Amino acid sequence: MNLLAFLEQKVTAALVAAGAPDGTPALVRVSGHARHGDYQANGVMSVARSLGKNPREMAQRVTELLDLSDVVEKTEVAGPGFINFFLKTQWLTQQLGQYIHDDRLGVPLVDKKQTVVVDLSSPNVAKEMHVAHLRSTVIGDAVARTLEFLGHKVIRANHIGDWGTQFGMLIARMEDLEAEQQVDVMDVGLANLEEFYRQAKQEYDSDPAFSERARDYVVKLQGGDDWCREQWQKLVQVTMKQNLHLYERLNVKITDKDTMGESMYNPMLPSLVADLKRKKLAVEDQGAVVVHLDEFRNKDGDPMGVIVQKRDGGFLYTTTDIACARYRVESLEADRVLYYVDARQSDHLKQAWFIARKAGYIPAQVSFEHHTFGMMLGQDNRPFRTRAGGVVKLAALLDEARSRATELVRSRDGDLSEQREEELVRALSTGAIKYADLSKNRTSDYVFDWDSMLSFEGNTAPYMMYAFTRVQSIFRKAGVDANGLSGALNLTEPEERGLAICLLRMTEVLDTVARDGTPHFLCGWLFDLAGCFMKFYESCPVTQSQVDPEVRQSRLHLCAMTARALRLGLECLGMDVVEYM
RNA sequence: GCGCCCGUAGCUCAGCUGGAUAGAGCAAUGGCCUUCUAAGCCAUGGGUCGCAGGUUCGAAUCCUGCCGGGCGCGCCA
């Protein structure tokens with residue numbers, strides 16, 4: 001259950017009964033300090049003022065109207081009009097006790113199931129994925145997993161860059177390559193896509209015959225020429241084969257069926273532009289088709305003219321994005337669309353959606369949200385690059401993580417079998433990279449630092465994984481199965497209570513992540529949870545001989561639920577756990 | 001020029017949409033292992049929340065103006 005939402009609803013009702021307007025938010029929050037209780041309501045003060053009432057008196061009245069006698073030990077009015085709630089340990093025990101055999105630890109499936117399209121990753125064809133794609137891929141996948149866990153229907157949309165004039169030169173280059181080497185590129189694969197792209201560009205810039213052929217291929221490709229389309233298709237396939245392999249290494253749930261590239265919308269563009277014209281949104285202007293937007297300004301301060309069709313008849317990426325938005329609403333039946341796209345595209349997306357809404361493609365109740373994120377920086381606070389100044393490829397990043405994780409694991413001279421070491425290195429290396437990214441607020445730039453992400457101290461993947469193995473180790477020591485526990489839950493020690501209340505917050509945390517698309521909030525909670533468990537672990541023995549059998553069973557329940565919460569939480573982030581480390 | 005984002009401890013980051021004495025982790029110092037993994041726990045020090053105004057019971061958070069950093073504003077994507 002969502003404890004916070006439960007209290008919010010209770011206090012709101014009391015607030016209204018005390019004379020506040022309907023729906024006045026109670027503003028229930030987790031208390032900042034233990035002395036202010038477990039939860040606090042902050043909503044009385046502002047509403048009291050607007051009603052001309054004394055806030056403390058009104059808060060007092062609210063507490064009298066609240067029927068929470070089973071739930072709270074003590075309710076107090078404090079300061080200028082805060083209401084603090086001290087939850088009954090017995091009630092907490094009861095609540096958490098309901099979930100001792102619940103796989104979902106009390107996290108309910110949503111009442112109103114939504115179809116949510118998550119736009120993520122979006123690599124370019126004939127280019128290797130690099131760090132700029134990491135955040136979109138990893139954060140988008142984590143939010144997608146969280147939404148799925150809550151019961152929504154999620155459609156991952158991998159909006160790959162598979163269209164554009166660059167394909168002329170790529171097809172020409174591929175043709176030459178196949179002639180020179182007498183092989184099908186598909187058979188060898190484009191071992192080095194970056195190199196391939198670079199060569200194509202170089203020839204295009206230096207060889208007039210080549211560039212002429214390239215331009216010819218662009219026209220043919222757009223005209224639907226069979227051979228050109230076949231060549232183009234090859235490039236897409238080769239690229240995506242490589243990318244899908246990377247997704248697998250990254251433990252990201254993006255498959256072939258999620259690919260919905262730019263080219264997919266091409267057939268929809270002519271009718272789209274015709275429709276915009278019919279609706280008088282788009283007009284002919286110097287041979288091009290333009291949508292004028294008063295709401296946006298160009299460099300000269302004039303209303304922005306967004307071109308949706310070029311004078312030569314070609315379309316632009318704004319046109320594609322309008323069509324894409326329309327498709328997501330009309331064909332995918334999205335209730336909500338989340339774009340995990342670089343912050344720099346903000347203006348562009350705003351314009352595309354603005355036009356789409358004006359044209360009636362996006363109904364008011366469907367929300368389109370640009371979930372921006374900042375750049376990855378190196379330790380010099382400059383964009384993260386290789387020593388030579390090039391972009392860091394994802395494959396290289398994962399390789400380095402692997403070797404660093406291997407070194408780290410071996411430096412600890414544990415007695416792990418080869419297989420366990422392999423599992424650990426794998427989980428640790430991708431986990432460290434992903435967690436480092438996920439644990440930071442996506443909106444700002446963040447500094448990429450190998451040492452801190454692979455540290456066992458602080459809010460890191462290794463610490464979280466260690467917490468999990470520590471719990472598991474208790475079950476091994478006790479020789480019992482975490483899934484077959486008997487006995488009841490009973491909370492007596494403060495560390496037990498602290499752990500319990502943290503466990504009970506899982507629903508509210510996941511709800512927040514789903515609402516805001518902010519996995520770092522989940523990371524923060526997991527870090528709290530791991531911390532609460534560590535404190536519990538230090539002061540509350542479980543398997544030791546002097547421990548009373550009933551206490552032991554109760555504590556085993558706490559351990560089992562902690563392990564489950566950690567695993568579920570980390571799964572929502574796309575992270576693996578291991579049993580040993 | 002117009003627009004968007006960012007500025008919080010020496011470093012890396014939180015701060016739940018206006019709440020109580022701004023919190024964590026690194027790094028520094030000191031303590032805790034014959035008992036469930038010390039890759040851990042506990043304690044101490046560390047801040048003019050870029051600056052200046054404003055809004056109000058109350059501002060890191062909202063409004064205005066500066067300063068500093070990043071990024072957009074193509075018949076490219």
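Side chains included, hydrogens not; waters and symmetry mates left out as well; all remaining heavy atoms used. The sequence lines fix the lettering, A, B, ..., with proteins before strands; numbering per chain opens at 1. This is a predicted model, so every value here is computed, not measured.
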- Partner set under salt bridge (charged side-chain N to carboxylate O under 4.0 Å, His left out) for A:Arg198, not counting sequence neighbours: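 With neighbours one apart ignored, the set is A:Glu195.
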
Report all side-chain donor-acceptor pairs from residues 509-526 of chain A shorter than 3.5 Å, counting only partners two or more places apart or in another chain.
unit_1	atom_1	unit_2	atom_2	d
A:Asp511	OD2	A:Asn2	ND2	2.8
A:Thr512	OG1	A:Glu508	O	2.9
A:Trp525	NE1	A:Cys502	O	3.0

- Message: For RNA chain B, please output the secondary structure as dot-bracket, reading 5' to 3'. Pairs are Watson-Crick or G-U wobble, both atom distances under 3.5 Å; mark crossing pairs with [ ], other-strand partners with |, unpaired with a dot.
- Response: (((((.(..((((.....[...)))).(((((.......))))).....(((((..]....)))))).)))))....

- What nucleic acid atoms does A:Arg35 come within less than 4.0 Å of, heavy atoms only: base, sugar-phosphate, or nothing?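 A:Arg35: base contact, heavy atoms under 4.0 Å.
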
- Message: What I want to find out is whether A:Lys277 reaches A:Glu284 closely enough, with some N-O distance under 4.0 Å, to be called a salt bridge.
- Response: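 So A:Lys277 pairs with A:Glu284 through a salt bridge.
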
- Query: Taking NZ, NE, NH1 and NH2 as the nitrogens, is one of them in A:Glu421 or A:Arg410 under 4.0 Å from a carboxylate oxygen of the other?
  - Reply: yes

- Message: Tell me whether the count of non-hydrogen atoms from other residues, nucleotides or ligands lying under 6.0 Å of CD in A:Glu407 goes above 12.
- Response: no

- Item | Residue list, ring-ring contact (aromatic ring centres under 6.0 Å, His included) with A:Tyr265, at least two apart or on another chain |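 By the ring-ring contact (aromatic ring centres under 6.0 Å, His included) rule, A:Tyr265 matches A:His159, A:Tyr327.
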
- Note on the structure: ring-ring contact (aromatic ring centres under 6.0 Å, His included) filter on A:Phe85, not counting sequence neighbours, yields none

- Item | Residue A:Phe456, side-chain atoms from C-beta onward, closest of B:G72, B:U35, B:A39 | B:A39

- Message: Side chain of A:Ala288, heavy atoms from C-beta onward: which of B:A77, B:C75, B:C36 has the nearest atom to it?
- Response: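 Output: B:C75.
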
- Mark up nucleotides 7-13 of chain B, 5' to 3', with B wherever a protein heavy atom is under 4.0 angstrom from a base atom, S wherever such an atom reaches only the sugar-phosphate, and - elsewhere. -----SS

